[in-house]
Structure formats: C-alpha cells, structure tokens
2 protein chains.
Amino acid sequence: MSTLNRAKIVAAAVDLIEREGADAISMRRIAAELGVGVMSLYNHVPNKSALLDGVAEAVLSGIEFTDDPSAHWTERVRIQARAFRQIAHDYPRSTMVVVSRQLHSTAGMIPAERALATLREAGFKGEEAVRMLRMFIAYIVGSLLREVGVTPTFAPVRPDVPMPDVDPALFPELCAGAPDLAVCDHEAEFEFGLELLVQAMAVRLGERGLTGHERGLET
Amino acid sequence: MSTLNRAKIVAAAVDLIEREGADAISMRRIAAELGVGVMSLYNHVPNKSALLDGVAEAVLSGIEFTDDPSAHWTERVRIQARAFRQIAHDYPRSTMVVVSRQLHSTAGMIPAERALATLREAGFKGEEAVRMLRMFIAYIVGSLLREVGVTPTFAPVRPDVPMPDVDPALFPELCAGAPDLAVCDHEAEFEFGLELLVQAMAVRLGERGLTGHERGLET
DNA sequence: TGACCGTACGTACGGTGTACGTAGACGGGA
DNA sequence: TCCCGTCTACGTACACCGTACGTACGGTCA
C-alpha cells in the first residue's frame with residue numbers, strides 16, 4: 001500500500017486479467033486499480049509488453065513442479081504435463097498471455113529445463129529429445145488454448161453462442177458426431193492425448209531394444 | 001475499384017496483415033489501403049471482430065484439401081495435417097488470427113468435417129473419434145503457433161533477440177542441448193510429431209484386434 | 001544549506017473502434 | 001416530372017489506448 005513496486009503492479013495485472021479478461025487490461029485500468037497515477041507505473045515497468053512478460057512469469061512461477069526422480073519416466077512426464085495444464089485452471093484468462101510470450105527469464109525456461117531432463121533420463125538423446133520436447137509443448141499449448149476457449153472445440157465453449165446449427169448435407173460427420181462433439185471434458189481430453197503421446201514415446205524407446213509392453217525400469 | 005464490398009475489404013485486411021503484421025491492422029489503415037473513408041467499411045462489415053472472422057475464413061478457404069479416399073487412412077491423415085500446416089507457410093502472420101477465432105461458418109468447419117470423416121473411416125467411432133480429432137487439432141495448433149513465432153522455440157525465432165545466454169548452473173539440460181535447440185526446422189519438427197501421432201493411432205486401432213495390414217506404416 | 005536523485009503525477013500527442021448524422025445516387029410509383 | 005425510400009460513402013465526435021515529456025516533492029549525502 002505504501003510504495004509501488006513491480007511485484008504489486010504485476011499482481012494487480014494478473015488479478016485484473018482474471019477478473020475482467022485480457023482485453024480489459026490497460027495501463028490506466030491497472031493504475032486505477034492500485035489507486036495510483038498512470039505514469040507512476042512506468043517507474044517500475046518499462047512498457048506494457050514488459051508488464052505482460054511479468055504476468056507470464058508470475059503465472060509460470062505459480063505452478064508447482066513436484067518432480068519425483070525416482071518415479072518411472074512415463075509418470076514424470078504425465079506429472080509435468082498436468083502441472084503445466086494447471087495454469088489453465090488457476091489462471092484461465094491469463095493462459096493466452098503465458099503461452100504467447102517467449103520468456104528468456106528463469107521462470108520461463110524452468111519448465112523446459114525440467115522436461116528436457118526427464119526426456120534425457122528416459123533415454124532420448126540429442127536431437128530426438130528436443131523434438132519430443134517441442135512436440136509435447138505443441139500439444140500442451142494447443143490443449144490449453146482449447147480449454148480456455150481461444151481455439152475451437154465444436155462444443156459450446158461458453159454459453160454466449162448456443163450452438164451453431166450445422167447443415168447435415170454439408171457436414172454429415174459433424175452432425176453424426178454431434179452428441180460427442182457437444183461435450184468437452186477438458187481433463188479427459190487432455191489425459192487422452194497425453195496417454196497417447198506417452199505410449200508413442202514408449203514405443204519409440206522400445207524400438208531401440210527395450211521390451212515393448214512393460215517398459216523396464218532402467219534405474 | 002468501383003464499389004466496395006466485403007470480399008475486397010477482407011482481401012485488403014489479409015494483404016495488410018501479411019505485409020505489416022497483425023498488430024498493424026486497424027479500420028483506418030484498411031480504409032486508407034482501399035482509398036476509402038473509415039466508416040464506409042461499416043456498410044459491409046458489422047465490426048472489426050467480424051472482419052477478422054472474414055480474414056480467418058478467407059485463409060481457411062485458401063487451403064487445398066485434396067483428399068484421396070482410396071489412400072490408406074494414415075496417409076490421408078498426414079495429407080490433411082500438412083494441408084492445414086500450409087497456412088503457416090502461405091499466411092504466416094494471419095495464422096494467429098485463424099486459429100484464435102472459432103468459426104461457425106462453412107469454411108471454418110470443413111477441415112473438421114474432413115478430419116472426422118477420415119478418422120471414422122480409419123475405424124475410430126463415437127467419442128474416440130472426437131478425442132482423436134481434438135488431439136490432432138491441439139497438436140497442429142501448437143505446432144503452427146511455434147512456427148509463426150508466437151510460442152517459444154528456444155531457438156532464435158526471429159533475429160531480433162540474438163539468443164538468451166543461459167546460466168549453465170541453472171539450466172544444465174538446456175545448455176547441453178543448445179546445439180539441437182538452436183535450430184528449428186519447422187517441417188521436420190512437424191513431421192516428427194505427426195508421425196508419432198499417426199503411429200500411436202495405428203497402435204490404438206491395432207490393440208482392438210484389427211487385421212495386420214491396417215497396422216499402419218513405419219518410418 | 002545545497003545538490004542530487006528517485007518516485008509520483010498531470011498534461012498532451014497520436015492512435016484506436018465505432019455511434020451518429022448527413023449527403024448523394026439510384027430506382028420505383030404517382 | 002416529382003417525390004420518396006433505400007443504400008452507400010463520408011465527416012465528426014467520443015471514449016479509450018500507450019507513452020513521451022515536464023514538473024513537483026521527499027529523502028540522502030556533501
């Protein structure tokens with residue numbers, strides 16, 4: 001309350017985004033929220049873009065990566081993916097800000113560092129580990145954007161538009177699948193793809209000589 | 001040149017986005033591009049949001065879905081995924097607009113219709129087909145956002161920031177993988193994940209006891 | 001005391017989307 | 001021919017945006 005600082009500004013921004021949406025934030029709005037003049041913000045933040053970087057860092061710092069090195073690598077991958085998805089639950093309206101900003105800061109790179117470590121320990125090396133990492137990031141980012149309503153679901157993402165009435169002649173498959181398309185359990189969807197990816201990774205490892213079904217522990 | 005219409009406005013918007021980036025577009029800028037008053041645009045487009053919907057539709061209409069029903073389903077999936085990725089090549093700076101707008105129009109739903117048809121013919125039914133569709137969309141969206149520089153690559157996405165110097169003590173894995181992280185062949189990355197997903201889908205089908213010839217191809 | 005410096009703040013500029021009112025072109029009865 | 005309704009183009013105006021700039025105040029040290 002007494003003096004302004006960067007942390008307070010960022011916290012106010014996150015709070016405002018979660019309350020009123022990412023479109024609602026402006027330097028004036030944040031300043032008003034803090035009961036402070038607009039230009040006072042610029043003593044602690046160089047510009048709006050940097051403030052949004054701060055928002056992304058704050059959200060990323062909030063996720064808990066409880067990595068258990070003794071667990072099987074498949075479970076470690078699942079846990080890390082779920083930890084990242086937690087963002088969409090805890091900060092749904094900030095999610096777009098988080099994923100659309102490439103951070104060169106510690107908070108921004110820790111998830112990648114952890115993921116890469118896990119992939120290496122699982123047995124992926126060099127270029128293949130990086131490819132696995134990038135594929136996972138792509139899947140998770142895409143899933144999060146669906147979950148927070150940026151990307152289409154073909155389900156009533158939010159109750160603003162009820163449901164597009166599709167022409168059965170033009171879209172027979174979409175109509176046939178309408179009952180399944182009308183619902184979107186985000187956790188179940190995420191877990192489905194996650195499991196598919198983990199299995200695919202296990203197969204990829206198994207091709208190299210490990211047993212296929214029961215991936216042996218290589219402790 | 002003679003009279004204004006929606007198609008011309010949308011075309012000008014796409015053109016402007018590709019030339020100067022999505023941040024550069026504004027109603028005034030588009031009007032100036034067309035040599036027309038700002039408010040004249042509103043005779044043909046209700047608001048800016050609808051115009052962006054038009055941009056997304058125009059880009060989506062531009063992709064060619066050459067579906068060959070006689071091909072193996074794995075190949076059909078690959079072809080459709082690549083057709084969608086073509087957006088990032090043909091309209092890189094419009095890509096974010098395309099994927100962040102959920103369209104209830106024909107152009108917006110055709111890709112999903114085709115994909116769902118392919119998945120059904122491959123043998124996925126009901127809820128599982130929808131889950132496969134959504135997982136594929138998530139992966140493709142995530143890949144496209146990486147490709148157009150929205151989402152982090154950990155490679156020099158564009159030569160504005162040279163390369164973040166990472167602390168080897170904090171990020172040993174990122175440093176160890178720096179040579180592999182420094183490059184990002186978007187086509188290769190996309191194909192890697194695509195192949196993994198297709199194989200995972202084939203395994204999922206195979207687990208159900210389908211005949212061997214449907215088990216999919218290998219790399 | 002004076003110099004210095006960081007913080008808070010007001011004002012101002014050029015930009016944004018768009019509501020509203022106006023003016024002209026066009027076409028169809030009377 | 002005149003009149004009238006409809007459609008299109010356009011200018012103006014409003015509220016808002018990010019932020020460059022100048023100023024005023026409080027504390028710290030010479």
Side-chain angles (χ1 to χ4, degrees), chain A residues 1-58 93-94 96-98 100-103 150 160-161, chain B residues 1-58 93-94 96-98 100-103 150 160-161:
Chain A
M1 195 61 171
S2 59
T3 73
L4 212 52
N5 59 32
R6 185 187 148 104
K8 282 187 207 170
I9 296 174
V10 169
V14 173
D15 206 58
L16 187 56
I17 292 178
E18 291 307 319
R19 275 203 332 271
E20 310 198 9
D23 295 341
I25 72 154
S26 73
M27 300 304 271
R28 283 172 171 82
R29 195 78 180 66
I30 294 169
E33 210 76 12
L34 290 164
V36 103
V38 191
M39 295 315 288
S40 307
L41 303 177
Y42 286 87
N43 290 320
H44 308 274
V45 163
N47 50 45
K48 187 183 183 181
S49 174
L51 200 166
L52 292 179
D53 282 348
V55 167
E57 285 170 28
R93 313 181 86 163
S94 304
M96 188 61 209
V97 174
V98 175
S100 67
R101 223 132 251 284
Q102 52 229 68
L103 307 172
V150 172
D160 40 3
V161 177
Chain B
M1 196 59 169
S2 59
T3 73
L4 212 50
N5 59 31
R6 184 187 149 103
K8 281 186 208 169
I9 295 174
V10 168
V14 173
D15 206 58
L16 187 55
I17 291 177
E18 291 307 319
R19 276 205 330 271
E20 310 197 9
D23 295 340
I25 71 154
S26 73
M27 301 304 270
R28 284 172 171 79
R29 194 77 181 70
I30 294 170
E33 209 76 11
L34 290 163
V36 103
V38 189
M39 295 315 288
S40 307
L41 304 177
Y42 287 86
N43 289 321
H44 308 275
V45 163
N47 50 45
K48 188 184 182 180
S49 174
L51 200 167
L52 292 179
D53 282 349
V55 167
E57 285 170 28
R93 313 182 87 163
S94 304
M96 187 63 209
V97 174
V98 174
S100 68
R101 222 133 252 285
Q102 50 229 71
L103 307 172
V150 172
D160 38 4
V161 176

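Reminder, nothing fancy here: chain letters follow the sequence lines and each chain counts from 1.
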Those residues of residues 47-56 of chain A lying under 4.0 Å from DNA chain D by at least one heavy atom: A/N47, A/K48
Check DNA chain C against residues 9-20 of chain A and give the residues with a non-hydrogen atom under 4.0 Å, in numerical order. none
Mind checking what makes side-chain contact (heavy atoms from CB on, under 4.5 Å) contact with B/R19, not counting sequence neighbours? B/D15, B/L16, B/E33
Is there a side-chain contact between B/L41 and B/L34 in this structure, where contact means two heavy atoms from C-beta onward sitting under 4.5 Å apart? yes
A/E20: salt bridge (charged side-chain N to carboxylate O under 4.0 Å, His left out) partners, not counting sequence neighbours: A/R29
Nearest whole Å is fine: how far is C/dT16 P from B/Y42 OH? 11 Å
Nearest heavy atoms of A/H44 and A/S40, plus distance in Å: CD2-O, 3.5 Å
Contacts of type side-chain contact (heavy atoms from CB on, under 4.5 Å), residue A/N47, not counting sequence neighbours: A/S49, A/A50
If I compare all heavy atoms of B/V38 with all of B/R28, which pair ends up nearest, and what's the gap? CG2-CG, 3.7 Å
Rounded distance (Å) that lies between atom P of D/dT8 and atom CZ of B/R6: 14 Å
Smallest separation among heavy atoms of B/G37 and B/A31, with atom names: O-CB, 3.7 Å
Between the axis at one end of the helix from C/dT1-D/dA30 to C/dA30-D/dT1 and the axis at the other (five pairs apiece), what's the angle to 10 degrees? 30°
How many Å lie between CG on A/L34 and C1' on C/dA8, as a whole number? 13 Å
For A/L52, give me all partners under side-chain contact (heavy atoms from CB on, under 4.5 Å), at least two apart in sequence or on another chain. A/I25, A/V97, A/R101
Non-hydrogen atoms of A/A13 and A/L51 that approach each other most closely: CB-CD2, 3.5 Å
List the residues meeting side-chain contact (heavy atoms from CB on, under 4.5 Å) with A/N43, not counting sequence neighbours, and say none if there are none. none
Atom CG of A/N5 and atom P of C/dT7 are separated, to the nearest Å, by 10 Å
Atom pairs, N/O to N/O, protein against nucleotides 9-15 of chain C, distance under 3.5 Å?
unit_1: C/dC9; atom_1: OP2; unit_2: A/G37; atom_2: N; d: 3.1
unit_1: C/dC9; atom_1: OP2; unit_2: A/S40; atom_2: OG; d: 3.3

A/H44 atom NE2 is separated from D/dT19 atom C1', nearest whole Å, by 16 Å
Would a 4.5 Å heavy-atom cut-off, applied to side chains only, mark B/K8 and B/N5 as touching? yes
